[in-house]
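Data block below; observations after.
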Amino acid sequence: MLIAQDLVKLFPGVRALDGASLRIEPGSVHALLGENGAGKSTLIKILTGVYRPDGGTLSVGGVEVHLDSPQAASRAGVGVVHQERNLVPEFSIGENIVLQRLPAKGGLLDRAAIRAEAKRCLDLLDLDLDPDRRVRGLPVSQLQLIEVAKALSMDSSVLLLDEPTTASTPSEVERLFEVIRKLRDNGTAVLFVSHKLEEVYELCDTVTVLRDGVSVLESTPLADLAKQDLISAMVGRAHSAVDLPARPAVTAEPVLELSAVSTAAGHRDISLSLRPGEILGLYGLVGAGRSELAKAVLGLSAITAGELRVRGKAVNIKDVRDALRGHRIGYVPEDRKEEGLFLDQPVTKNIAVAVWDRLRTRIGGVSAKSERALAETYVERLGIRLSSTDKLVGELSGGNQQKVSLAKWLAAETEILIIDEPTVGIDVRTKAAFHELIWQLATDGLAVLLITSDLVEMVTLADRIVVMRDFHVCGEVVNDHEYEPTSHRVMGLIHQDAE
Amino acid sequence: MITLDARLRSNETTLAVVAVVGYTALVVTSGGSLLSGSAIETFFAYLAVPVLIGLAQLVALAVGQMNLSVGALGGFVACAGGVAMAQHGVPVWLAVPGALALGAFVGVLNGLLVVLTRINGFIVTLATMTILTGLQYELVGTTTVSDYSPVLRDLGRAAIFHIPVVFLVALAAAVVLAVFLRRAVPGRHLLASGGNPLAARLSGISNNRSIVVAHALSGLLIGVAAVVTLASAPGVNQSIGGDWLLASFAAPIIGGVALSGGAVSVSGTVLAAVIIRLVDVARAQFSLNPSWVNFVVGAVVLGTVVLTHRRGAA
Amino acid sequence: MTLQVLRRSLADQRTGLVLLLVLLVVVFGSLIPTFFDDRFVVFPLLRDVATLTVVGLAQLAVLSIGHLNIAVGRMAAFGAMFMGLAYEQWHLPLYAGLVIGVAAGAAIGALTGLIITSSGVNSFVVTLAMDFALLGFVSLVYSELTTSAAFTTKPAGMQELRTFSLADVCVGPVCGTSAIPQLAIFAVLAMLAVGYLYSRARTGREMLMVGSNAVAAELSGIPVDRRIVGAHALSGGLAALAGFMLAVTSGSFTATIGSEFMLPSFLGPVLGGTLLTGGAVSIIGTFLGTSLTQVIRQGLTMLGASVQSLSISLGIILLAALSLDRVRQVISERKAVRR
Amino acid sequence: SDAGQSAAGPDKKDVSSVKVAFVPGGPHPYFQPWKAAADQVKADFKVGGTVFDETSQWDQAKQNSALNSLASQGYNAMGIFGVSPTDINSTFTDLKAKGITVASLGSCPAGDKDEADFCLSTDVGEAAYKAAKTAIEAMNGTGKLVHLTGNNVDANTQRRIAGVQKAVDETGGKVSILTTIPDIDKDLQTAQKAVADLLSAQGNQIQGIVTTAYNPAVAAAAGVKSAGLPIKVVAIDDDATILAGIKDGSVAATIAQNPTGQAYVGGWALAQLATGACTMATPGTTVDSGSFVITKTNVDTYDTERKAKTTQLTEQFKSSVLKCS
Ligand SMILES: Nc1ncnc2c1ncn2[C@@H]1O[C@H](COP(=O)(O)OP(=O)(O)OP(=O)(O)O)[C@@H](O)[C@H]1O
Ligand SMILES: Nc1ncnc2c1ncn2[C@@H]1O[C@H](COP(=O)(O)OP(=O)(O)OP(=O)(O)O)[C@@H](O)[C@H]1O
Ligand SMILES: [Mg+2]
Ligand SMILES: [Mg+2]
């Protein structure tokens with residue numbers, strides 16, 4: 001149905017695609033896998049006319065096509081959800097959904113038609129949103145689903161989904177999968193990109209794996225492949241997830257304690273404590289107030305009651321600078337593009353920004369040489385893929401960007417590190433490397449507060465798991481690193497609270 | 001959570017309240033003379049150009065562009081129209097559409113330059129501003145051209161129930177523009193390009209076209225402002241348009257238009273122009289030294305900015 | 001290695017500016033026999049370039065954080081007013097007055113920054129309002145304190161600063177050239193200081209990061225509000241310095257100092273590659289951009305251009321220069337890809 | 001005139017070696033007669049060349065740059081209308097230090113000192129006084145007067161305000177100034193708006209308007225006419241628009257100045273000084289170039305009076321201002 005043959009795409013200094021081929025059949029869900037920076041998003045952008053290939057051919061329904069604009073792609077029946085959010089903030093949900101084909105009557109917008117069409121697409125996803133509501137201010141998970149609705153509105157015969165589930169709750173994911181299956185059964189060809197192999201096995205029929213821009217596995221039935229085969233195809237060598245050894249029990253005095261803390265953001269009566277060398281997990285469904293709590297600890301929203309103690313002393317943290325300098329607390333934010341990175345700045349500055357004081361020469365200026373050396377250390381340590389540390393962070397792939405965001409805080413050498421959703425959109429190998437890294441950092445004495453919505457990750461890493469719901473703590477689980485029982489207890493806490 | 005929409009709306013309400021309170025205060029202190037027909041006429045007659053140039057800037061801001069050539073283009077078009085009629089005998093029915101077309105044409109050039117060279121619109125319009133200023137001087141030198149179409153000039157002074165025709169023209173332009181931006185497909189495309197250019201592109205909207213359309217509309221509105229000037233000014237000379245630039249920004253920005261594009265308020269812009277006009281009237285009424293007026297206006301705006309926008313939970 | 005240097009310099013906007021500048025100087029020099037006359041052409045030209053480079057730096061300071069300073073000219077007038085006061089009313093020596101004026105400029109800049117950070121309102125709006133307030137305030141002070149709307153007292157050394165060149169600076173028997181005005185030293189010092197700030201000093205680098213992404217800066221422990229206030233204070237201080245240089249050049253401290261600063265304040269930095277969106281500045285570029293516009297103006301004036309053809313040609317050359325730059329960029333991108 | 005022939009002698013340069021530049025403050029109708037006068041100077045006095053350069057655009061820095069460019073091109077005598085009256089002395093000093101003969105034309109430097117060789121200009125205070133007097137006369141000596149003028153922070157504006165004040169003071173309270181509106185000369189629409197607002201707020205209290213700047217004059221004439229109020233407008237200069245206003249009655253009178261005389265006589269005197277044929281009797285002397293009240297009665301003939309003044313100016317220079325060998 002849709003056939004891509006030997007696609008090549010060059011960016012300044014990078015061969016993003018170097019002979020990628022792929023064949024998507026109607027009535028099936030095709031997985032596109034690969035490490036960060038393998039070229040998945042680039043391939044999708046070529047299939048949707050955003051980029052023009054520097055080589056290779058495309059055909060839809062047996063006819064060779066040249067998709068030189070997004071319109072051309074949608075005319076050819078290709079619909080897409082890109083990895084980055086692409087909504088117009090000041091427009092209504094409805095208008096965003098039908099933006100590609102705004103219905104008009106007598107030269108003016110047909111609002112009723114917009115509302116009806118938007119409602120239809122939202123209903124498909126079981127989303128109860130008012131089509132007239134403005135998009136600005138909606139939470140990320142809903143934005144992602146609105147993008148899916150937008151893709152559905154095109155009734156395309158080929159649907160490309162680039163990591164559509166990174167921000168979704170399990171139930172939202174389930175709902176999305178049902179819709180995808182229904183589309184598949186109606187003959188739509190679906191391409192699905194994800195780093196979560198469980199999802200891939202649950203949903204997909206065939207698979208293509210990209211490595212460094214080349215298809216190393218092309219349109220192969222998924223049923224024939226074991227998880228291990230996929231992973232080794234992606235990483236190019238046999239890869240076994242290291243089982244992280246158990247870590248010694250921590251007995252040191254807590255370095256960070258919250259007792260009965262309420263915040264201006266709406267938290268009520270939150271108590272928890274974190275010791276050096278410990279990984280404390282903070283679990284909850286999206287919107288439970290975990291990121292907000294981290295920001296309250298950093299002084300970004302006021303603590304209205306209760307006490308925050310650092311190393312035993314009650315403190316009043318003013319801002320991130322105070323947290324970093326006065327208390328050695330760091331925070332790796334979840335939204336790397338908006339909060340973590342300086343996209344138009346080079347990797348060096350992004351990594352060194354918090355430690356310029358340390359890199360000063362005798363006469364007082366920041367030394368570019370030691371800055372570069374520092375950056376190179378962490379580029380190597382985290383395996384960040386780039387041609388030069390002078391490269392702008394915005395030109396890196398999503399996973400590598402996330403690594404830069406973490407590198408900044410590792411470079412800052414804090415004693416307490418809050419890490420928020422560290423592996424969203426990160427490939428398996430990098431993810432394992434991240435886990436190992438975090439584990440090692442904790443073993444070396446760092447106190448880690450880990451916020452993640454990935455329960456597997458939580459069970460892999462955390463020593464204890466504090467469960468949050470609606471801006472308060474509903475319980476704590478000691479992690480025995482067995483997925484089944486621990487996850488049951490965590491979910492149990494969430495649900496018990498709901499009743 | 002307050003959405004931007006609600007904030008815009010509340011901004012418009014505030015502006016409306018300020019305008020009404022200000023006007024009432026001036027009426028009371030003038031002993032009611034501001035309610036006389038001729039006073040009302042004067043009030044609105046000089047509102048037409050500020051509204052039009054504010055709207056011209058608004059359209060450019062809508063796509064995230066700036067148009068620094070508003071004043072220079074307005075002056076150039078007005079002088080071109082005046083010279084064409086007075087010195088080359090071009091009839092008014094030809095000169096007026098010609099002036100509008102000239103404005104739109106230069107607007108299109110601005111847009112094309114931005115799109116083709118990919119130079120920041122700020123710089124492109126800065127350059128065209130310089131060029132147009134030169135052209136305007138080339139046209140009229142240091143003279144004031146005033147002996148053109150009596151029909152047009154009568155129209156410039158005409159009023160219906162003491163509402164000047166030129167103001168009605170500006171108001172009509174505002175209404176058409178509001179409908180265009182709210183309801184017409186090209187208008188929505190323009191705002192989408194301003195609000196999120198990448199999203200617009202991925203949805204098949206040509207940002208380049210949006211930019212050209214926005215500049216063309218901006219030029220067209222300036223053309224209307226130039227025609228209004230031709231009709232109502234005592235004549236046109238090299239100084240016409242000299243004070244349009246800052247005024248064109250002041251109205252939309254006070255009116256709540258985002259500099260970054262995508263969020264506009266036509267009614268806010270019109271209301272802001274009214275408020276700025278009230279300051280002029282107050283100055284005349286109380287014989288204020290313009291230095292004091294400038295100082296007080298600046299200080300009051302700064303004061304309100306600090307008091308009303310205290311960055312709290314936002 | 002050399003290839004890489006070559007490629008990098010080809011991709012640099014400033015290379016284009018230098019080439020264009022050299023080209024224009026050669027063209028004007030061959031068309032106008034007196035173009036290199038150091039007393040009447042080069043000296044005054046460099047004096048203007050020096051002043052306007054400082055004006056450009058004043059705008060660059062706020063562009064670095066992604067802000068604008070519409071009041072740059074009026075801040076110059078404000079600072080210059082204090083210098084005039086210092087000389088005429090307080091009878092202070094030249095450099096004491098300079099320090100007071102620059103401090104006053106920095107203070108009004110800092111106040112602007114504080115208003116922006118405490119209100120969260122766009123810098124365009126705040127500096128526009130500040131422009132109005134200062135326009136009124138400065139006029140009021142001048143009409144209150146002077147009869148001819150200017151402070152005309154010249155402290156010792158001011159006249160010399162106006163006319164002296166490097167020829168008056170001698171190290172032993174070796175003297176400098178008479179083409180370079182002493183006033184240019186202020187611009188060089190300002191460029192060095194600002195250059196050091198943005199490339200080496202933590203404060204300046206943090207300003208750039210604020211310009212690049214203010215939220216990320218806040219979350220990286222950068223005191224964003226303080227950096228914003230700092231950038232505006234720097235802008236005000238540099239504007240005041242430019243006001244001083246203009247007053248020295250023209251002869252007295254008047255309320256209209258700086259009223260022509262707005263356009264050049266943007267032209268220099270932007271032609272030189274400073275982004276309007278923040279996060280990247282070029283100090284040398286600002287100097288080159290300013291030189292380019294002044295050389296064009298000078299050359300055209302000497303070729304006998306009339307008022308109108310002067311503006312028309314200036315606009316067209318600007319557009320052409322920038323379009324050429326765009327072409328060069330496209331070519332260097334292509335080269336990089338086809339490697 | 002045969003004045004040019006007087007330049008001859010061993011230590012004196014030939015008059016053809018003198019090139020005279022006329023540099024106004026910026027583009028303005030007032031200076032347009034300088035252009036023709038410059039050509040006349042070249043033709044009549046056989047100087048090496050004349051030029052009219054209005055590229056200053058009302059910016060002292062740009063004017064200085066234009067002056068330096070002209071100097072580099074060999075112009076060794078300059079008649080200058082300084083943009084900034086308080087700064088122009090510095091410019092004069094610079095030019096004189098470089099051996100250039102300088103006249104301040106059309107406006108004198110602020111303060112008591114004039115660094116130029118001489119200043120030949122309208123006495124702006126005197127002209128404003130005359131204008132106010134004319135307005136008061138037209139108002140039949142009683143009522144309220146409004147003064148519209150240009151840039152408030154300009155020494156000349158202050159002189160004009162003082163001139164108007166003097167005329168009003170002389171009425172012993174019969175006439176008072178209702179308001180003085182400065183800063184409305186930048187552009188025509190600002191002036192128009194200010195006039196309209198003034199008339200609409202206080203129009204029925206005003207008997208006379210005196211304007212001492214160009215755009216307010218054009219705006220006031222049109223504004224009063226369209227408002228149909230019995231206000232007497234006295235304007236400035238003799239631009240075609242204003243003369244038309246006098247003819248149709250919307251302008252009661254205007255005060256013409258003598259730009260032609262300034263440039264013509266000034267150009268001649270500059271040439272004499274530059275060749276060394278003459279020196280200043282008192283360096284830095286100020287000479288009034290004259291101002292003339294134009295009303296409906298003399299609108300067609302005032303130029304004769306002005307030409308007479310120009311002839312008289314030449315005589316005055318020959319007899320007392322210059323000292324010729
Ligand atoms: N606009 C661009 N300019 C320059 N390089 C780019 C650009 N877009 C992508 N690249 C580079 O192309 C390569 C492929 O990137 P791509 O985004 O396709 O990876 P991906 O497989 O989607 O990774 P991820 O899983 O992290 O999203 C990367 O090396 C990236 O740095
Ligand atoms: N349904 C919702 N509608 C609007 N805003 C929401 C909603 N859910 C959450 N938010 C916003 O999200 C923020 C709280 O979520 P926060 O990001 O702290 O939670 P979290 O548990 O960290 O979730 P996540 O896993 O997404 O980070 C608040 O700012 C809240 O206003
Ligand atoms: Mg991707
Ligand atoms: Mg979160």
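The shown structure was predicted, so the numbers you read here are calculated from the model rather than taken from an experiment. Lettering follows sequence order; numbering is per chain, from 1. All values below were derived from every heavy atom in this structure, side-chain atoms included, with hydrogens, water molecules and symmetry-related copies excluded.
Looking at C:Ile70 and B:Leu246, their side chains come closer than 4.5 Å, going by heavy atoms from C-beta outward. Side-chain contact between C:Leu319 and B:Leu113: present, with at least one pair of heavy atoms (C-beta onward) separated by less than 4.5 Å.
For CZ of C:Phe151, the number of neighbouring non-hydrogen atoms (other residues, nucleotides, ligands) closer than 6.0 Å is greater than 12. By the 6.0 Å contact criterion, CZ on B:Phe286 is enclosed, its count of non-hydrogen atoms from other residues, nucleotides or ligands being greater than 12.
Both the backbone and the side chain of C:Ile316 come within contact range of chain B, with heavy atoms under 4.5 Å apart. When heavy atoms are compared at a cutoff of 4.5 Å, C:Leu114 does not approach chain B at all.
Atom CG of C:Leu134 is separated from atom CG of B:Asn294 by 10.5 Å, given to the nearest 0.5 angstrom. Here the straight-line distance linking atom OG of C:Ser309 with atom CG of B:Leu135 works out to 10.5 Å at 0.5 Å rounding. The CG atom of B:Leu245 sits 6.5 Å away from atom CE of C:Met262, with the distance rounded to the nearest 0.5 Å. Taking CG from B:Leu302 and CZ from C:Phe132, the interatomic distance works out to 11.5 Å, rounded to the nearest 0.5 Å. Separation of atoms CG (C:Leu140) and CZ (B:Phe295) is listed at 7.5 Å; rounding is to 0.5 Å. Taken from CE in B:Met129 to CG in C:Leu263, the straight-line distance is 5.0 Å, to the nearest 0.5 Å.
Contact count versus chain B (heavy atoms, under 4.5 Å) is highest, among C:Leu314, C:Thr112, C:Leu135, for C:Leu135. Chosen from C:Ala129, C:Ser139, C:Gly136, the residue pairing most often with chain B at heavy-atom distances under 4.5 Å is C:Gly136.
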